[in-house]
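Below is one structure, written out as structure tokens; the observations come after it.
As a basis for the values below, the full set of heavy atoms in this structure was taken, side chains included, without hydrogen atoms, waters or symmetry mates.
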Amino acid sequence: MVIDMAEKKKSDIYNTIGKNIKKYRIKKGLKQRELAEALYLSDSFIAKLESVTHQTISIDTLEDIANVLDCSIKDFFDKNEETK
């Protein structure tokens with residue numbers, strides 16, 4: 001039961017991060033491919049990240065994404081940001 005709760009919490013965090021990355025990417029007017037190219041990543045990585053299929057991401061990569069999207073890394077963790 002404790003493991004199930006930990007996995008759910010982890011899943012919730014990645015879901016929040018993915019939704020916020022997508023929100024800021026759209027706000028910046030970038031397609032997934034354009035964001036991926038700016039970061040030297042594959043567009044499938046960005047797609048998986050935004051769809052919560054990709055469950056791990058480094059802090060360094062999050063920071064790089066935040067820099068390209070002109071936001072703070074902490075914005076990706078804000079559950080309230082998902083709906084703004």
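L49 has its side chain within reach of I65: a pair of non-hydrogen atoms, C-beta onward, lies under 4.5 Å apart. For the pair T61 and L41, the minimum side-chain heavy-atom distance is below 4.5 Å. Contact of the F76 side chain with the T16 side chain is not registered, since no non-hydrogen atoms from C-beta on lie closer than 4.5 Å.
Note that the CG atom of L39 and the CG atom of L69 stand 7.5 Å from one another [nearest 0.5 Å]. From N15, atom CG reaches atom CD of E50 across 12.0 Å, with rounding to the nearest 0.5 Å. Distance check, rounded to the nearest 0.5 Å: NZ of K48 to OG1 of T56 gives 10.5 Å. Note: I57 CD1 to I13 CD1 = 13.5 Å, rounded to the nearest 0.5 Å.
Counting only distance, with no hydrogens or angles, the side chain of N20 and the backbone of D75 share a donor-acceptor pair below 3.5 Å.
I46 and Y40 fall into different hydrophobic clusters, where Ile, Leu, Val, Met, Phe, Trp and Tyr side chains are chained together by heavy-atom contacts under 4.5 Å. Under a hydrophobic clustering in which Ile, Leu, Val, Met, Phe, Trp and Tyr are joined whenever their side-chain heavy atoms come within less than 4.5 Å, directly or via other members, V68 and I26 fall into different clusters.
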Does D43 form a side chain to side chain contact (heavy atoms under 4.5 Å, CB included) with K31? I'd like the steps, not just the answer.
CA-CA 9 Å; D43 43 336; K31 295 182 180 344; over 6 Å; no

Working for side chain to side chain contact (heavy atoms under 4.5 Å, CB included), residues I21 and L62:
CA-CA 9 Å; I21 288 173; L62 277 178; 4.0 Å; yes

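Heavy-atom minimum distance, S72 versus A66: C-CB, 4.0 Å. In plain terms, the two heavy atoms of I73 and E63 that are nearest each other are CD1-N, 3.8 Å. Among all heavy-atom pairs drawn from E34 and G29, the shortest one is OE1-O, 3.9 Å.
Exactly one residue among K27, K23, K22 makes a side chain to side chain contact (heavy atoms under 4.5 Å, CB included) with R25. That residue is K22.
Not counting sequence neighbours, D60 has no partner by the side chain to side chain donor-acceptor pair (under 3.5 Å) test.
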